[in-house]
2 protein chains.
Amino acid sequence: MTALSERSVPTVSSEELATAAGVNSAKLRKDFSYLGSYGTRGVGYDVEYLVYQISRELGLTQDWPVVIVGIGNLGAALANYGGFASRGFRVAALIDADPAMAGKPVAGIPVQHTDELEKIITDNGVSIGVIATPAGAAQQVCDRLVAAGITSILNFAPTVLSVPDGVDVRKVDLSIELQILAFHEQRKAGEEIAAPEEAAGAVPPPPVAPHRAPSAAPGADSGRQGPDGDVPAVMPA
Amino acid sequence: MTALSERSVPTVSSEELATAAGVNSAKLRKDFSYLGSYGTRGVGYDVEYLVYQISRELGLTQDWPVVIVGIGNLGAALANYGGFASRGFRVAALIDADPAMAGKPVAGIPVQHTDELEKIITDNGVSIGVIATPAGAAQQVCDRLVAAGITSILNFAPTVLSVPDGVDVRKVDLSIELQILAFHEQRKAGEEIAAPEEAAGAVPPPPVAPHRAPSAAPGADSGRQGPDGDVPAVMPA
DNA sequence: CAGTGTGAACGGATTCACAGCC
DNA sequence: GGCTGTGAATCCGTTCACACTG
């Protein structure tokens, strides 16, 4: 939709959007209808208007100050990531435990030391924290963020964090997407013979004839790239 | 399951696993049953055996050579990411367009110039490519990867890539997870009044009373962190 | 007798199909 | 005429409940 908006396309039909998104047009209309009657019968949806309404509903019209803790490669990459600003996210501070990093600017923002963490969060009214530290430091950082009043955490460290009720955690595992690709890749290759006959002999293939069951791969729709932006888990209570 | 395995726990019940994963035990049993009858009635599942079977089914017991193109902060972060090796991924090469990067080791692997791209892929039999370039270069890199024989692409650049049929693309948008958090955060805050009364006045709030419809947030289950590892889209045909 | 494997029941999400409107 | 908005029909994933087994 943003792309359409940039090309100054005035209106879209549910059919067009649905095709682009790889879903059924009825579903798209029904979903939009939950936000209100924003379309015009016989015409379609006003692009600008719809972009605005959806942005508002998603909370993208607000200003979300965010702190990033752990300014290694990943932290730096996140700090430099252009996609945040346009979605209403503002990097309020970069925090790292390494005193040598302190004061050094990354993406134009000076890195601050972990000691300042609580003060930074309070002063800026930050409610979302990003953890990009090594696994070992993650839980500790998390605890401090929560204690300082943060209620949403995006965790890139390969650990499951434990948090009190009311705090929302989402974990990003960079290897999961690769695994999904590999899974499909395996399928593409395995089209030939039905019996793979593994090599690597760690666990001895115990009894039980692996009765290659249904095992059907999920629905094959057109060109939808990337993960579904699911919104599962933790609701505010 | 890996954690259980490391603690040498011999068996698990579907109930235990289900609780840990935040799902219903029946669902877990049914899902496992699609892989075969790997449990023992009255006992549970053999941890080691199950780990192996699932790994194999997911394609994690194979060796997947991967190339990373674009060795900026993100590319470097990916190259250094520990989670890949344990999942069967091997970084076969790092590729960057900047001649100054060539030869420089990142994560112990020397960066090679884009000119070598085709040769590297062919020589190493690479079928999965990771794009971590700026948006502007992504499509071009993608085309070369595909031409060189790559059939799965993980795209971190903020562009939708177009690829021929048979090539699998997954796009990772680092800001989507933040958006999901912000969405929930907005909900938490909006518990007070029902009328937000926006500030930012870009699009003039046109007619139509935004009839705050159902708009219910998805199911609230226990502590599941992160996105569902969905496996949608593109099936091998 | 604890715990798997699975047919049957359930319920929510998707799709159909069409009335209503521009 | 074209396209939205939406009740009704349908589909499909989830859960129940229990027969079966080690």
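First the proteins, then the strands, lettered A, B, ... as listed; each starts at 1.
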Applying side-chain hydrogen bond (donor to acceptor under 3.5 Å, both in side chains), name anything that partners [X], two or more places apart in sequence or on another chain.
X	value
B:E185	A:T151, A:S152, B:K188
A:Q140	none
A:S5	A:E48

Taking salt bridge (charged side-chain N to carboxylate O under 4.0 Å, His left out) as the test, write out the residues that go with [X], two or more places apart.
X	answer
B:R29	none
B:R90	B:D63
A:K27	A:D31

Requested in this report: Evaluate the ring-ring contact (aromatic ring centres under 6.0 Å, His included) criterion for residues B:F32 and B:Y45: first the C-alpha distance (whole Å), next the side-chain angles of each, then the deciding distance (0.1 Å), finally the verdict.
Outcome: CA-CA 10 Å; B:F32 279 3; B:Y45 297 89; 5.2 Å; yes
Requested in this report: Return the set of residues passing side-chain contact (heavy atoms from CB on, under 4.5 Å) with B:A135 (not counting sequence neighbours), or none when no residue passes.
Outcome: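 So B:A135 forms a side-chain contact (heavy atoms from CB on, under 4.5 Å) with B:P158, B:T159.
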Report task. Could you pull out all residues at least two apart from B:S175 that satisfy side-chain contact (heavy atoms from CB on, under 4.5 Å)? Result ->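 If we apply the side-chain contact (heavy atoms from CB on, under 4.5 Å) test to B:S175, skipping adjacent residues, the hits are A:Y81, A:F84, A:R87, B:D173, B:Q179.
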Take the protein atom [atom1] of [X] and the nucleotide atom [atom2] of [N], then report the distance between them rounded to whole Å.
X	N	atom1	atom2	result
A:L28	C:dT14	CG	P	12 Å
A:L35	D:dT4	CG	P	15 Å
A:Y49	D:dT4	OH	P	16 Å
A:D46	D:dC3	CG	C1'	15 Å

Atom pairs, N/O to N/O, protein against nucleotides 9-12 of chain D, distance under 3.5 Å?
none

Query - A:F156: partners by ring pair (Phe, Tyr, Trp, His ring centres under 6.0 Å), with sequence neighbours left out - result: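 If we apply the ring pair (Phe, Tyr, Trp, His ring centres under 6.0 Å) test to A:F156, skipping adjacent residues, there are no hits.
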Query raised in the report: Is the shortest side-chain N/O distance from B:K27 to OP1 or OP2 of D:dT14 below 4.0 Å?
Result: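 Yes, within the criterion.
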Query raised in the report: Do any side-chain nitrogens or oxygens of A:N24 fall under 4.0 Å of OP1 or OP2 in C:dC16?
Result: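 Yes.
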Report task. Compute the bend angle of the helix from C:dC1-D:dG22 to C:dC22-D:dG1 from the end axes (five pairs per end), rounded to 10°. Result ->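 That helix has its two terminal axes inclined by roughly 10°.
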Query raised in the report: Okay, side chain of B:W64, backbone of A:L181: is any donor-acceptor separation there less than 3.5 Å?
Result: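 Pair absent, no side-chain N/O of B:W64 close to backbone of A:L181.
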Under-3.5 Å N/O pairs linking protein and nucleotides 2-5 of chain C:
from	atom 1	to	atom 2	distance (Å)
C:dG3	O4'	B:G42	N	3.0
C:dT4	OP1	B:S14	N	2.8
C:dT4	OP2	B:S14	OG	2.8
C:dT4	O2	B:R41	NH1	3.2
C:dG5	OP1	B:G39	N	3.2
C:dG5	OP2	B:Y45	OH	2.9
C:dG5	O4'	B:R41	NH2	3.0
C:dG5	N7	B:R29	NE	2.9
C:dG5	O6	B:R29	NH2	3.0

